[in-house]
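In this text, all values refer to a predicted model and were calculated from it rather than measured experimentally. Note: hydrogens, waters and symmetry copies are ignored here, and every other heavy atom, side chains too, is used. Throughout, protein chains are lettered first and strands after them, A, B, ... in sequence-line order, and every chain is numbered starting at 1.
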Amino acid sequence: MILNVENVTKKFGGLVAVDHVSFQVKKQEILGIIGPNGAGKTTLFNVISGVYYPEEGKIFFNGRDITKVPSYKRARLGIARTHQIVKPLNELTVLENVMVGACFGKTGASLKQGMAIAGEVLDAVGLGHKRDVITVKLNVPEKKRLELARALASGPEVILLDEVLAGLNPTEADEMLQVILKIKESGITILMIEHLMHAIMKISDKIIVLDHGRKISEGSPQEVASDPKVIEAYLGDPDLALRLIKSKGNTL
Amino acid sequence: MKRGFIVWSVLCCFFLSFGFAKGAFAKSKIIIGFTVSQTGKLNAESKEQFNGMELWKDYVNKHGGIYVKNLHKRLPVEFRYYDDESSKDRVQQLYVRLINQDGADFLISPYSSGLTASSAIIAEQYGKVMLATGAASDGIFSKGYTHIFQIYTPASRYLTGALDLLKARDPKAKKVAIIFEQSNFAKAVASAAKNYAEKKGFKVVIFESYGKGTTDFTSFLNKIAEKKPDAIIGGGHFADGETFAKQIFEQRLKVKLVSLLVAPAVPKFAEIGNAALYVTAPSQWEPRAKFTKSTAKRLGLPWFGVSANWFIKKYSKLYGETPGYHAAGGFAAGLVLQKAIEDAGCLKSSKVIRALENMDLMTFYGRIKFDKGDYYGRQVGHEMVYLQWQKKDSKLEKEVIWPRGAESAKLIYPYYKKF
Amino acid sequence: MKRGYTLIWLIPLILAISLLPVIAHSVIYRETIFLILMYITLAVSLNIILGYTGYVSFGHIVFYGIGGYTSFYLMYRFGVHLILAMIMGGILSAIIALIVGEAVLRLRGAIFAIATIGINEAIKSLVTNLQFLGGATGMFFNFKIYKTYGGAAKAIWFAYWIMVVVTIICLLTSYFIKNSKFGYGLFSIREDEDAAVVLGVNTKRFKSIAFAISAFFPGLVGAIFFFKAGNIEPDDAFHLVKSIEMIFMVMLGGFGTVSGPPIGALLYERLKGILLINPLFKNLHMAITGFILLIIILFAPGGIVGWFRNRFKKLRSLLE
Amino acid sequence: MEAWIGAILSGILLGLVYGLAAMGLNLIWGVINVINLSHGAFIALGMFSAYFLFHFAGLNPFIAVALVLIIGLIIGMGAYFVALHRVLDAPELSTLLSTYSLSLIIIGLGTFIFTTNPRAIDIGLGSIGVAGIYIPISKILTGLFSVLFTVILYLFLYKTWTGKAIRAVSMNKSAAEFMGVNSIFILSLSFGIGIALAMIAGCLIAAIFPFTILSGSVYELKSFVICVLGGLGSPLGALIGGLILGLLENVFALKIPVGYIPFIEFMILVIILLVKPTGLITKR
C-alpha cells in the first residue's frame with residue numbers, strides 16, 4: 001500500500017467536508033474519485049497533500065504516518081498534485097514553472113539539473129515549444145498541461161490530479177489520457193478527480209465515490225457504475241443517471 | 001560596442017548632473033551660509049531671526065563691510081541660504097552644500113536646537129565656525145565641539161526664573177506641571193527646570209512631553225485638571241506653544257501661572273487674543289529691557305554695535321512690527337561674528353575662534369561671553385528676562401516682569417483672574 | 001537558467017561611481033554618491049522581500065532604524081568600532097525580522113503592508129519613550145568618537161568606503177539569490193504561495209529568511225548613515241516616508257529584477273537632488289515623484305528595466 | 001471627579017471625529033477592497049478647503065462642510081478613474097501605490113501652494129461650561145456633525161437603492177452586476193463618498209485644531225487603527241472604533257504617560273491584524 005487513508009474527517013466550522021473516509025491505494029494504481037459538486041473531493045486532496053490537517057483520522061504514505069507532516073514535506077516525500085483551478089506561477093516562464101517542481105519536489109534537483117529535467121518533462125507533455133513563454137500567456141489547456149508537467153518534474157510516487165480533463169475538447173482530452181497512462185506506466189501512482197465519466201471509467205483501476213463528504217461506494221468501475229447508491233447520489237433519478245453514464249462523451 | 005557607447009554617454013550626462021564645486025578665487029566678500037525655516041512649523045520664529053540677520057547685513061554693508069586687517073580692506077557680507085522646511089531631514093545635506101559648493105566662510109545656525117545640533121556636526125566635520133543663535137540647548141556644547149559659539153542664554157537657565165518668580169509672588173504655590181515638546185531645546189529646559197523645582201521645594205506633579213507638531217493637548221489638559229497644579233511651565237516652540245496656550249484658555253484651567261517657552265515672546269502670539277493674556281515667558285531680550293553704553297561702562301565691558309533704540313526703530317520701520325528676541329538674536333549673531341573677524345584680523349577659522357574665546361563685551365542684546373570649559377562655546381555672559389502679556393488700554397502688550405530691577409510692570413497673578 | 005551578464009556592467013558601474021569623489025577630489029560628490037549608494041542598498045534589499053517574494057513591506061525602514069539605533073548605542077555607550085557595531089546592528093535587524101516575520105508573514109497582501117506600517121510606528125513610539133536611547137531627542141556623538149578613525153574628516157571617508165563595500169555585497173547577494181534555487185522558491189511564493197507550498201517549497205522558512213536578509217542590509221545602512229550623521233532620533237530613524245521612497249525606487253527601476261532597484265535608486269536620488277536645490281521645484285519634488293509613480297503603476301508596472309526587457313529582447317541577458 | 005467627567009466628555013467628542021475620519025477609509029476598504037493611502041492627504045485637503053472657504057468666502061467650517069462634501073464627491077470620483085480603475089484587478093501593491101501616489105501629488109502640490117506653515121481657523125465661539133468643566137463649543141459642534149454624517153451615511157447605505165447597490169457590490173461584485181447594478185459607477189461613487197467623508201472630517205477637524213498640509217497623516221494612521229478595531233463595512237463600526245481611540249487618548253491617558261498612547265494604539269493595530277486577519281477583512 002503506497003497510500004493509506006484511515007477514517008479521515010475534515011470540518012469547516014459546522015460543515016463536515018470529509019466525513020470518516022478511508023481507502024487504500026496500491027502502487028502504480030489509478031484511483032478515480034468521483035462524486036457530485038461539493039462532495040468533498042477537492043478537500044480530500046487538500047488533506048492528502050497537507051493543505052489542511054484532518055480533525056480525525058490518519059494518513060499513511062509508504063507506511064509512514066504523514067497526518068501532521070506539512071505540505072511542502074509531503075511534496076518532498078513524493079506526493080505531487082495539480083489544482084482544479086490552475087495555479088501557474090504567472091510571471092515566470094513555462095520552463096521556470098516546471099523547474100520549481102523539479103527543484104523543490106522529491107527530485108530535489110539543483111537549478112542546472114532542474115532545467116534539464118524540466119525540458120524533458122515539457123517535451124513529454126507536449127509543451128516543449130512553449131518553454132520560454134511567460135506562463136500568463138498560455139491558454140487553459142496549456143496551463144493544465146503545465147501543472148501536470150510541474151507535478152511530474154517533482155519526481156513523485158503519488159500524483160493527485162484534480163480535474164485535469166475539464167475544459168479540454170475531446171481530442172485534447174484523449175491526448176491527456178494517453179499522457180496519464182504513460183505516467184502510470186512509468187511507475188507512478190495516480191489519484192484523480194474527474195467529472196468526465198467515461199474517461200475515468202476507462203482509465204481507473206479502482207473508483208471511490210464521495211457524497212456529502214462520505215464515501216458511499218468503492219470498487220472497480222463496473223461495480224461502482226452499477227451501484228444504485230451512486231446513481232442516486234448523482235441525480236436522484238437512477239434511470240436518468242444510468243442513461244447519462246452510458247452515453248459516451250457527456251460530462252456530468 | 002555601440003551599446004557600450006550609449007551606456008557611457010548616459011553615464012556622462014548623469015555625472016554632469018552633479019554640478020561642479022566652485023574654485024578658489026581672490027576674496028572680495030565674506031560669505032555667510034545658513035538655512036532658514038521659511039516654511040514649516042518653525043517659520044514664525046525663524047523668519048524673525050532671519051529678519052534680524054538681514055538688518056545686520058544691511059547695517060554692515062552700508063559701512064562698507066567688515067574690516068579685515070590682513071587684507072587691508074573692508075569686505076562686504078553676502079548671505080547664502082536655503083529653506084530647511086523646519087525639518088532635520090535635509091539640514092546636514094544643505095550645510096555640506098553651503099560649505100563645499102557655496103564656499104561659505106562662516107556659518108550661522110538654523111533656528112532651533114534640534115536643527116542646530118544636526119548642522120553643528122557638519123560645521124565641526126568641516127572645521128567651519130558657526131554662530132549658534134536661536135539654539136539654546138546646553139547639550140550641543142557637551143559634545144566636544146570646538147567651532148560652535150552660542151548667542152542665547154542656554155536652556156538650563158530658561159525656566160528657572162519662572163520658578164523663582166512664582167516663589168517670590170506666592171510662597172504657598174507648591175505644585176508644578178512641566179509639559180514640554182519632544183525637542184532638544186524643550187527637553188533640556190524641562191529637565192533643568194525639574195531639577196531646579198525639586199531643589200526649591202516644589203512638587204512636580206506632571207512631567208511629560210508631547211510630540212513635535214502636536215495640535216491636540218486635551219490629554220494633557222485633562223491631566224492638569226486632575227492633578228490641579230499651581231503652575232504650568234513648559235511648551236516648546238511657537239506653533240505648539242500658541243495652541244497649548246489657546247487650549248488652556250478654552251478649558252478654563254484654574255492655574256495660577258502659565259509660563260511657556262518661545263511662543264509668548266514672539267509678537268505674533270497676540271493673535272490668539274484673550275488666550276494670550278497673563279501668559280508669561282522667558283525671553284532672551286525685550287525692547288523694554290535696554291542695555292546701553294552706560295550699562296557697559298558700569299560693568300567695565302567694551303561696547304560694540306548699535307543701540308537698542310536704533311535696532312527697534314530700524315526693524316519696526318523695515319518689517320512693520322516690534323522686534324522680538326529672535327530678531328535681536330539674529331542681529332546679535334551677526335554683530336558677534338563681525339567683532340570676532342575684526343579682532344582676528346583675518347578670515348582663518350582658528351584665528352576667529354581665538355577671538356571668540358577672548359570675547360567679553362556688551363551689545364544692545366546684552367553681554368556676550370563664551371564658556372571655555374567642558375561646555376566649550378556655550379553662552380555664559382547673557383542673562384534672560386521674563387515677560388507677561390498684559391492689557392494696556394485694551395491692547396495686548398508684553399511687559400517685563402522679572403528679574404527685579406528690570407521690570408516694566410508688575411506680575412499679574414493668578415493667571416485665572418481673567419476668566 | 002542561463003546566467004545573465006548583469007553583473008558585468010553593474011558592479012563596474014557602481015565601482016566607477018564610488019571612485020568618482022576620489023578622482024574629482026570633491027566632497028560634494030562624496031556626499032551625493034554616499035546617498036546614492038545608501039539608496040541603492042535600501043532599494044536592493046527591499047526588493048528581496050518585495051520584488052522577489054511579493055510581500056509589500058511598507059514599514060521596511062524600521063530595520064534601518066533598528067540597525068541605526070543598535071549600532072549608535074554601541075558606539076555611543078561602549079565605543080565599539082563602527083564595523084563591529086554595524087554588523088551587530090545588521091544582525092539584530094535580521095533577528096527582529098525573523099521574530100516579527102514569524103507573526104506577520106502569515107498575513108498577505110495589503111494586510112501585511114498595514115501591519116508593517118503598524119510595526120514601524122509602534123517601534124518608533126516605543127523608542128520615543130525609552131530614555132536610555134535618548135527618547136524623542138535621540139543621541140548625539142561626542143566628537144571624540146571620531147578620533148579612533150583619525151578625526152571627523154577621515155571618519156566620513158571611512159564611512160563612505162564602508163558604504164561602498166556594503167552596497168557591493170548587497171548587490172551580489174541580490175544577484176545570487178535571484179539566480180539560486182532559493183530565489184526560485186521565493187518567486188514561486190510571489191506568484192502563488194498556495195501552489196508553492198504543495199510544490200515542496202518550505203514557504204514559511206523561505207519567507208522568513210528572505211525577510212531577514214532584506215532586513216539585514218538596511219540595518220547596516222542605518223548604522224553607517226547615523227555614524228556619519230553624528231546623531232540619531234526616532235523621527236529620522238523610523239521615517240515612514242523613507243519606506244515609501246524605497247518602494248518607489250524599486251518600482252521605478254523594476255520590481256523583482258537585479259538591476260532595476262539600483263537604477264531606480266540612482267535615478268531617484270538624482271531627481272530628488274536636482275529638484276530639491278531648485279527653489280521653484282523644491283516643493284514640487286513630491287508631486288513629481290507621485291506623478292511618476294502613478295504613471296509607472298498604471299502603464300509600466302515592470303519599471304524601467306521591465307520596459308526595456310519587453311521592448312528589446314536582446315537586452316534581456318544584460319538586464320536581469 | 002470633574003477631571004474624569006471632563007476627560008470622558010472630551011474623549012467622546014474626539015472619538016466621534018476620529019470615527020468620522022476613519023469612516024471614509026473604512027467604506028473604501030470595505031466596498032472596493034482598496035486601502036486608500038491617500039486618505040490623509042484628502043483629510044488635509046478638507047482642512048485647507050475649510051481654511052479658504054473661511055478666509056475668502058467667510059463661511060465657517062460648519063456651513064462650509066456642505067460644500068466640501070460636494071467638492072469631495074467630485075474629486076473622489078475623478079480620482080477613482082484616474083488612479084484606481086485601471087489597477088483594480090491588479091495585485092494589491094498596485095492599488096496601495098496608486099493611492100499613495102495620489103497622496104504624494106496632493107501633498108506635493110499643497111506644499112508648493114500653501115507651504116507647510118501651520119494654520120488655524122478661529123471662529124471664536126468660545127467655551128461652554130457646567131460645574132467647572134469647560135468645553136469649546138466648536139468641539140461640541142464637531143462631535144454633533146460627526147454623528148449627523150454617520151446617520152446620513154447609514155440611512156444612505158441602508159435605505160436608498162444606490163446605497164443598497166453599494167453594499168451589494170461590496171458583498172459580491174459579479175452577482176450585483178448580474179442584478180443590473182452598474183458596478184463601475186458604484187465603485188467610483190463609493191470612492192467618491194469615501195473621499196468626501198475624509199474631506200468632511202478634515203473640514204471639521206480644522207475648526208478645532210490647527211493644521212498644516214502634512215497633518216492628514218496623523219489621522220490616516222489613527223484611521224487604520226480604528227478600521228481594524230471597528231471592523232469593516234459599517235459606519236457604526238468606525239464610530240465605535242473612533243470612540244475607543246478617543247477614550248483611550250483622553251481617559252486612559254490620565255493614568256499613564258501620554259507618550260505611550262501611540263505605542264498602545266499601534267500595538268492594538270498589529271495584534272488585531274495578527275489575531276483576526278481574515279475575520280476583520282472577510283466580514284463583508
Side-chain angles (χ1 to χ4, degrees), chain B residues 3-4 7-8 11 13-15 17-22 38-39 82-83 85 87-97 99-102 113-114 117-118 120-127 137 139-140 142-147 180-188 191 209-213, chain C residues 9 13 16-17 20-21 24-36 125 128-129 134-147 151-156 228-231 233-236 239 241-242 266-267 269-274 276-277 279 282-283 312 314-315 318:
Chain B
R3 198 183 292 150
V7 168
W8 289 110
L11 276 180
C13 292
F14 160 75
F15 291 132
S17 76
F18 285 106
F20 293 96
K22 291 222 170 81
Q38 287 170 325
T39 56
Y82 298 102
D83 179 11
E85 299 170 42
S87 138
K88 249 190 65 180
D89 286 2
R90 299 186 50 241
V91 162
Q92 293 199 335
Q93 206 183 339
L94 290 172
Y95 271 86
V96 169
R97 197 180 167 80
I99 295 166
N100 295 296
Q101 198 133 334
D102 299 330
S113 300
S118 299
I121 294 164
I122 302 299
E124 282 294 324
Q125 286 175 344
Y126 291 94
S137 170
I140 300 169
S142 61
K143 306 293 190 290
Y145 297 163
T146 51
H147 292 73
F180 56 100
E181 186 193 31
Q182 288 170 352
S183 65
N184 272 306
F185 161 63
K187 189 178 167 192
S191 318
S209 60
Y210 55 85
K212 285 179 193 165
Chain C
W9 62 271
L13 173 68
I17 294 177
L20 205 62
H25 285 290
S26 161
V27 219
I28 275 287
Y29 278 22
R30 186 194 65 203
E31 290 301 308
T32 310
I33 291 164
F34 181 85
L35 281 179
I36 291 178
S125 31
T128 305
N129 285 295
T137 47
M139 297 176 276
F140 283 82
F141 274 155
N142 190 310
F143 253 61
K144 283 174 205 143
I145 278 181
Y146 291 133
K147 283 211 181 108
K154 280 198 178 147
I156 303 177
K228 182 168 164 290
N231 75 325
E233 63 179 74
D235 283 347
D236 295 335
H239 199 32
V241 172
K242 269 206 201 97
L266 212 120
L267 289 175
E269 202 290 331
R270 285 294 69 211
L271 173 78
K272 198 176 158 186
I274 291 165
L276 279 179
I277 51 166
K282 184 189 75 199
N283 290 322
F312 306 102
K314 283 192 184 143
L315 286 182
L318 273 175

Measuring heavy-atom distances to chain C, does B/E181 have an atom under 4.5 Å in its side chain, in its backbone, in both, or in neither? neither

Measuring from B/Q125:CD to C/K228:NZ, what's the distance to the nearest 0.5 Å? 7.0 Å

Contact summary for C/F143 and B/I121, nearest pair of heavy atoms: CZ-O, 3.5 Å

Given a strict heavy-atom distance threshold of 4.5 Å, which part of C/N129 is in contact with chain B: side chain, backbone, both, or neither? neither

Roughly how far, to the nearest 0.5 Å, is the CD atom of B/E124 from the CZ atom of C/F141? 14.5 Å

Hey, could you give me the CD/OG1 distance between B/Q182 and C/T128, rounded to the nearest 0.5 Å? 6.0 Å

In terms of heavy-atom proximity below 4.5 Å to chain B, should C/I145 be classed as side chain, backbone, both, or neither? neither

How close do B/R97 and C/I28 get, counting heavy atoms only, and between which atoms? CA-CD1, 4.0 Å

Can you give me the closest heavy-atom contact between B/S118 and C/F140, atom names plus distance? N-CE2, 4.4 Å

Using non-hydrogen atoms and a 4.5 Å limit, figure out which bit of C/N231 sits close to chain B: side chain, backbone, both or neither. both

Is there a donor-acceptor pair closer than 3.5 Å between any side-chain N or O of B/K212 and the backbone N or O of C/A136? no

Top of C/G273, C/A153, C/G230, C/A229 for chain B proximity - count of heavy-atom pairs under 4.5 angstrom: C/A229

B/I122 CD1 to C/E31 CD distance, which is reported to the nearest 0.5 Å: 6.5 Å

Taking side chain as everything from C-beta outward and backbone as N, CA, C, O, which of these in B/S142 sits under 4.5 Å from a heavy atom of chain C? Side chain, backbone, both or neither. backbone

Compare every heavy atom of B/N100 with every heavy atom of C/V27, then report the nearest pair and how far apart it is. CG2-OD1, 3.5 Å

